[in-house]
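Right, one structure below, let's go through it.
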Amino acid sequence: MTEVSAVPLVNENHRHEEFNQMDGDYSRDSANFESSMEINESSNVIKEEPNNGSFEENMKNGAGNGHGPEKEQLKSPKKEDVSLGFIDLGYESDDDIPWAQRLAKAKQNGSGSEKKAKDKDREKEKNGKLKKKKKEDNDEDEEYKPEPKKKEKRKHKEESDNDYSEDDYKPAKKKQKKDKEKTKKTEVKKEKKTSSGGSQSQSQSQSQSPKKKKKPEDEEDVWEWWKEEKKPAGVKWNTLVHKGPLFAPLYEPLPSGIRMKYDGKSVDLSPATEEVATFYARMLDHEYTSKDIFNKNFFADWRKVMTSKEREMITDLKKCNFEKMAVYFKEQGEKRKEMTKEEKAKIKEQKDEEQKIYGMAIIDGHRQKIANFRIEPPGLFRGRGGHPKMGKLKKRIQPEDVIINCSKGGDVPQPPPGHKWKEVRHDNSVTWLCSWTESVLGSNKYIMLNPSSKIKGEKDYEKYETARRLKKRIGKIREAYQEDWKSKEMRVRQRSVALYFIDKLALRAGNEKDTDEAADTVGCCSLRVEHIKLHDEHDGKEYVVEFDFLGKDSIRYHNFVHVEKRVYKNLKIFMENKNGSDDLFDRLDTAMLNEHLRQLMDGLTAKVFRTYNASITLQEQLAKLTNPDENVHHKMLSYNRANRRVAELCNHQRAYKEKKKEVKEAKREKKDAKSGTAAHEKAKKKYLRLKEQLEKIETQMKDKDENKQIALGTSKLNYLDPRISIAWCKKFNVPVEKVFNRTQRDKFRWAIDMIMNDEDGDSYEF
DNA sequence: TCAACGACTTGATGGCAAATAC
DNA sequence: GTATTTGCCATCAAGTCGTTGA
């Protein structure tokens, strides 16, 4: 496990400040929800208008505090309001949403069973309300005994105590001719395209209209799926044609002079044994090979592929010397770098050819890029953090391991000569093209389509629409979970506190996981008592919770957060009579939490809060930081700052401190090892490598200051509604290329089209 | 009923080529 | 022209969440 540092991370002070600000906003938020509701009711625009801004924004501009000016704003949402951080939705009715209307409508209408479920919910709701009235406002009402095992939790059946239904929100109507016309036009265009079929016709039609000067990215077969009817639920495609996966090249034995040494003597290994040895040799410079678990796992798996003779001889990894192999691979690498232009071009050509054949699928008549058409090559498993299986052998995947998914008919991909597929399936309820079972964890791996494809894009679009729906309900949801802090039922209290953390701190849900199979990392629901410390007072603030745990990818989350008194008191109760290794929320898990969330809003799960909070923060930060009079360069600076705020919220940070500590330890190791010995050499190498890595991070920090600390790309690609960024570009005359690179533009083509081709696109509100 | 599984999204990492500096 | 830096992109591990079947 990565050792944690007692010193706060570089940008933690900043974040700490920010969270403290949030706290201020938070209380304001809930206190003023009612006033915003009243306003909207009279305005007949959006009936349900909770205070839905981010905490920070609300505090700074006072949005939703029930004073005069907001009333005016809420009554008449104008384009200009965007720059003021106005928080109402720009759209007044379904029909107002360009191109999205049919998609959204299909979803809203729902199926019969969905409706029944809602009715049932309403029944439950009534009962819940009656019960609620009787509830007393006392924290210590329920005698709380921690649950011994989470497994029993599900016995406490979820009661429906929600107060909302989808129908609560009924937007006013407004005609939208323009978009209908647009949709019509595109449909005609599409018909022309598809009538002549496939990508060829696309390029033909383009060549027929030389008037339109198109950028290279528009030259491909652009499938404007967002202007089409949605497929029935569960149907992912009607026809799917592809060439199957591309397999890793076969192993080529090393030249005769390149041999591993065992106990000082060169040994000839069988090809299979040698291949696995090369996996290790290639990683010799990597920190992994200094880890005991890695070596243990590698050696055990390596021995499995050895011949009995080899197994008899090679009994100790420490006696193996892979140096010669490692040097050879380095030399090969150098040679590759020194290749002539022509040689490089030839290789590129070959790769492009592979991409052309295997990298594309035809789905419902449209050519779509495949994300990963290569079968993962064999190698050693690189689990992160303290993964118990790191170093294990990832076996070579054969066609006999691969399941193909495609249309029925003659277009089934051919397996390589002399081989056959494990199975050929025609399952159009899934999106994958090929799948196989990976040998280390036994999990399934898939070949799927590129993010620019319809299948992925549509899902992405839906994700942001769900987050936008959450925006309309967040006020009520927050109000409800605050009320639940006082619940007599321990599971309800735990759920409400967990939800508060997920909403406020953008924590992940935290599924339970098997620590024999994966590193010991946690999320919100799986937090243990040892992961938090309560400080009655810290840094001049009351009720401070110190979080310190390893989250996804074993990245440390260390943060001091001021919380409401009631949350603090609840946490104290949750921790009573427990050991550090006990679950903090012993009566909660992600399934229960999500079941509850689903009752609050259709499609709501814990991860929607991350999308919502990230997007709303970006929108507000952009509005706050952008000065329309500045040049593009300065505007971009503002954009990156806004983006960075989001990344901070989501904890996408680089572990600078961790690296620093590693370097320190490596230095000590080097000092401890006897000079001249192999151990000393190894320690020295490790130290130099880590030092170099640290220096790189430091330089980046100095050069690019703020931005390098945070992995901006992740939030940009996964959490931020791209329409916010594009609308910002449109409004402030910043080229979209400045904000999104080629890949991102491909992925977000739907959003670019929606905003850029809409007259009111620049006033888009998340 | 619930653990296990399947399908999918999220996110870190590292290699490589294009851009930039010298 | 060469060295260095930067950004892009592929890769694959690690999550989330809904479904399944014992």
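Quick caveat, the model's predicted, so the values are computed rather than measured. FYI, side chains are in, hydrogens and waters are out, and symmetry mates aren't considered; it's all heavy atoms of this structure. Each chain gets a letter, A, B and so on, in the order the sequences are listed, and its residues count up from 1.
Taking the six-membered ring for Trp, Tyr288(A) and Phe298(A) have ring centres at least 6.0 Å apart.
Counting non-hydrogen atoms under 4.0 angstrom, Lys236(A) reaches the backbone sugars and phosphates but no base. Among the heavy atoms of the strands, none lies under 4.0 Å from Pro451(A). In this structure, Lys459(A) reaches the sugar-phosphate backbone alone: every heavy-atom distance under 4.0 Å involves primed, P, OP1 or OP2 atoms, never a base.
Annotation: side chain to side chain contact (heavy atoms under 4.5 Å, CB included) contacts of Ala361(A) (sequence neighbours excluded): Leu240(A), His242(A), Ile370(A), Leu433(A), Leu449(A). With sequence neighbours left out, Arg282(A) forms a salt bridge (charged side-chain N to carboxylate O under 4.0 Å, His left out) with no residue at all. Among residues two or more places apart in sequence or in another chain, the side chain to side chain contact (heavy atoms under 4.5 Å, CB included) test is passed with Pro735(A) by Val632(A), Glu737(A), Lys738(A). Among residues two or more places apart in sequence or in another chain, the side chain to side chain contact (heavy atoms under 4.5 Å, CB included) test is passed with Lys296(A) by none. Residues satisfying the side chain to side chain contact (heavy atoms under 4.5 Å, CB included) criterion with Asp364(A), sequence neighbours excluded, are Trp223(A), Lys231(A), Trp237(A), Asn238(A), Thr239(A). Lys394(A) is linked by a salt bridge (charged side-chain N to carboxylate O under 4.0 Å, His left out) to Glu376(A), counting only residues two or more places apart in sequence or in another chain.
Look at Asn444(A) and you'll find a side-chain N or O under 4.0 angstrom from OP1 or OP2 of dG6(B). An OP1 or OP2 oxygen of dG11(B) is reached within less than 4.0 angstrom by a side-chain nitrogen or oxygen of Tyr719(A). Side-chain N/O atoms of Arg282(A) include none lying less than 4.0 angstrom from OP1 or OP2 on dG14(B). Listed pair Lys463(A) / dT10(B) meets the phosphate criterion, a side-chain N or O lying under 4.0 Å from OP1 or OP2. Proximity of His286(A) to the phosphate of dT13(B): no side-chain N or O atom is located under 4.0 Å from OP1 or OP2.
Between the CE atom of Met448(A) and the P atom of dT11(C) there is a distance of 15 Å, rounded to whole Å. One interatomic measurement links the two molecules: CZ of Arg374(A) to P of dG15(B), which rounds to 16 Å at whole-angstrom precision. The separation between Ile375(A) atom CD1 and dT11(C) atom P is 12 Å, rounded to whole Å. The nearest whole Å value for the distance from the CD atom in Gln355(A) to the C1' atom in dA10(C) is 11 Å. Counting to the nearest Å, the P atom of dC12(C) and the CE atom of Met390(A) are 17 Å from each other. Rounding to whole angstrom units, CE of residue Met636(A) and P of dG7(C) are separated by 11 Å. Between the P atom of dT11(C) and the OH atom of Tyr446(A) lies a distance of 19 Å, rounded to the nearest Å. The distance from atom CG of Asp285(A) to atom C1' of dG15(B) is 15 Å, rounded to the nearest whole Å.
Using cut-offs of 30° and 60° for the angle between ring planes, the Trp421(A) and Phe247(A) rings count as parallel. Under the 30°/60° scheme for interplanar angles, the aromatic rings of Phe373(A) and Tyr358(A) are found to lie parallel.
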So which protein N/O to nucleotides 20-22 of chain B N/O distances come out below 3.5 Å?
none

Where protein sits on nucleotides 13-20 of chain C, one letter per nucleotide: B base, S sugar-phosphate only, - none, heavy atoms under 4.0 Å: SBSBBS--
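For Lys337(A) and Thr611(A), each mapped to the nucleotide of DNA chain B holding its nearest heavy atom, the one lying further toward the 5' end belongs to Thr611(A).
Applying the side chain to side chain donor-acceptor pair (under 3.5 Å) test to pairs two or more places apart or on separate chains, those with a residue in residues 378-388 of chain A are Arg384(A)-Asp553(A).
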